Amino acid sequence: MHSRRAVLTSLTLLLALASSLRAQAPAQTVPFDRANLDTTYGACQDFYEFANGGWLKRAKIPGDYPTYGAFDQLFDQNQELLRTILDSGVVRLKAGQYQTGSGEWKVATFYSTCMDTVAIERLGAAPLKPGFDRIAKINSVDDLKRALGELEKSYGLAPFSEGSAQDAKDAANTIAGLYQGGLSLPNNEYYTKTDTASVSMRSKFTASVSRMFQLLGDSPAKANAEANTVLAVETQFAKVSKTPIQLRDVINNYHGMTLRQADSLTPHFSWEKFYAALGAPIPNKINVGQPEFYAGFDKMLSSVPISDWKTLLRWRLINSAAPSLSTPFVKENFEFNKLFTGATEISPRWKRCVNATDNYLGELLGQEFVARKFSPAAKARAVTIVDNLVRELRARIEQLQWMGPETKQQALVKLDAFNRKIGYPDKWRDYSKLTIVPTGYYANILAGNQWASARDWAKINKPTDRTEWGMTPPTVNAYENPLLNEIVFPAGILQPPFYDPNADDALNYGAMGAVIGHEMSHAFDDQGRQYDKYGNMRDWWSKDDAARYDTEAQKIVKQFDAYTVLDTATHVQGQLTLGENIGDFGGLTVAYAAMQRALAAHPQPVIDGFTPEQRFFLGWAQVWRELDRPEFLRFLVSSNPHPPSKWRVNGPLSNMPEFKAAWACKDGDPMVRPAALQPRIW
Ligand SMILES: [Zn+2]
């Protein structure tokens with residue numbers, strides 16, 4: 001979502017209060033509501049509208065949301081619970097019931113400094129003064145190089161992405177990673193496209209940058225010039241950057257090298273000095289993901305005037321800090337984000353503060369969330385469902401017609417080695433070295449960022465830690481990480497409507513079962529299949545099997561290329577969304593088979609007028625009910641590997657003979673693609 005949005009795969013670098021409180025009674029849920037249907041649509045004509053049309057007509061997108069659907073409704077519920085936890089924490093904090101510096105104290109203190117708008121408004125942008133002063137002192141290229149290290153350490157301002165990275169060719173070890181960066185807009189195409197919409201987007205961007213500089217006290221004329229400088233320098237970065245589709249090619253984005261080799265890519269920039277300035281270990285090995293970007297960066301060190309670099313760094317500082325400052329900065333930051341969200345109002349303060357606390361202290365706050373919302377019984381149930389799905393995928397791989405025995409054997413070895421992380425970490429993150437202060441919200445944000453960076457850098461040159469989680473427990477999402485050969489399901493998503501203890505098996509298999517299947521399928525999608533059971537990038541496929549796989553995958557690329565959103569010119573990008581689409585198609589196929597096995601043991605009657613086979617597909621469709629703002633849809637298809645929700649339903653289902661049979665559709669119906677065009681993977 002915008003990574004919150006969807007069941008996703010995480011491939012990029014981006015990488016105990018409990019017992020004393022009463023458990024809440026489980027919420028009463030209605031697993032399926034016929035009022036959500038719109039039967040004026042035929043199931044075989046447009047299943048997304050058939051299953052969700054009633055809801056789509058009734059629902060409204062809240063002003064602060066770019067998009068609204070089942071994920072967001074559950075997110076809202078989780079957020080309300082986190083608010084309750086935090087509010088009672090603040091009461092106890094104020095009553096002096098927490099030991100200063102303890103985990104509970106840090107959580108409640110962080111949240112209360114975020115809610116202290118009086119202090120935040122009084123400070124304005126004053127907390128940034130040391131950063132602006134440091135930037136102002138840059139007078140030469142040598143100064144600039146030194147400052148980039150210091151400003152990255154303190155504020156994360158380097159115009160590229162750096163951090164620890166698991167070595168994709170030696171997954172047992174963690175090295176340093178350097179990736180392209182430096183852009184404020186979502187990807188490089190926003191800077192280079194010449195169509196009217198892109199030109200207009202850039203002028204809205206510079207208008208926002210200018211207003212931000214004016215808030216810092218610059219005259220309108222000066223601020224306009226500065227905004228043009230920011231756009232010009234970022235455009236130079238964009239020209240040496242890869243597109244989102246090019247970034248999906250895992251082989252072409254791996255360039256493991258020594259520090260000396262990295263230095264030779266950037267003859268005017270010393271990586272040893274940079275890492276020393278961070279206080280990070282000097283890396284034995286670095287993956288420079290996009291060497292062309294770094295060669296471009298090296299040239300820009302001298303070709304871009306120092307005054308322009310200083311303008312860029314001032315922008316990067318205010319742009320990253322704005323959401324944590326006083327109202328004028330928050331508002332301008334909202335105006336900028338609006339270009340991609342279309343939201344009409346800022347989220348209430350408490351929501352932003354709940355999110356920030358989850359973001360910075362998620363595995364402290366998450367402990368209480370788990371205690372209230374994810375019982376040991378719920379975890380046991382989730383473990384069983386995941387095990388069932390893994391078994392089912394195993395059975396399907398064994399029976400595949402198109403895959404040869406050697407590849408099959410390797411695929412099963414990888415599947416058997418899946419690490420499953422369910423609900424919450426076995427070992428909670430240690431926050432003891434993070435210092436939170438009782439006054440000063442921005443100070444806490446800065447401390448949180450610096451603590452997280454230092455923690456990340458400490459992993460360089462060390463064996464890989466396979467226990468870490470990339471999402472916090474309340475998150476309504478899930479992921480597969482091919483480098484760790486793991487599938488991960490936070491407690492936040494193991495709730496209705498994804499998994500509902502009150503629902504019938506068919507509905508649960510169509511929703512949570514297919515979500516689990518989706519993540520498992522990522523391990524074998526066009527990216528995931530290039531990693532082995534240890535997470536090493538290694539080709540374990542026979543040539544023939546790989547070629548057959550690619551032929552089937554290309555059918556999915558073509559299928560999704562043809563889908564449009566908003567108008568006939570705005571297409572879904574088949575190659576960008578391929579991994580997700582293989583995930584949905586594979587996940588649904590495997591979950592359907594698992595449901596049939598469950599039904600053989602425990603037959604299910606017709607419920608609400610639908611057979612279990614039909615309810616399976618209704619279960620999937622209803623988790624994807626969603627209203628989207630046009631700005632968000634344009635952003636999604638331009639940048640995000642997840643397709644719009646309508647096509648996550650109609651796309652894979654129209655490839656499934658199981659769907660055709662369940663709804664008695666006929667050849668030629670819109671929900672039945674011609675057999676020759678249907679992919680056959682799992
Ligand atoms: Zn995914």
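Only heavy atoms go into these numbers, but all of them, side chains included; no hydrogens, no water, no symmetry mates. Quick caveat, the model's predicted, so the values are computed rather than measured. Atoms within a ligand are numbered from 1 in the order they appear, just like the ligands themselves.
Look at His642 and the Zn ion (ligand 1): no N/O/S atom of the residue is under 2.8 Å from the metal.
The closest side-chain donor-acceptor pair between Asn52 and Glu626, if any, does not fall under 3.5 angstrom. Side-chain N/O atoms of Asp545 and Thr407 include a donor and acceptor closer than 3.5 Å.
Under a 4.0 Å N-O distance rule, the pair Lys421/Glu486 qualifies as a salt bridge.
Between Tyr549 and Trp541 the shortest side-chain heavy-atom distance falls below 4.5 Å.
Within His522, the N, O or S atom at minimum distance from the Zn ion (ligand 1) carries the name NE2. Counting just the N/O/S atoms of Glu580, the one with the shortest distance to the Zn ion (ligand 1) is named OE1.
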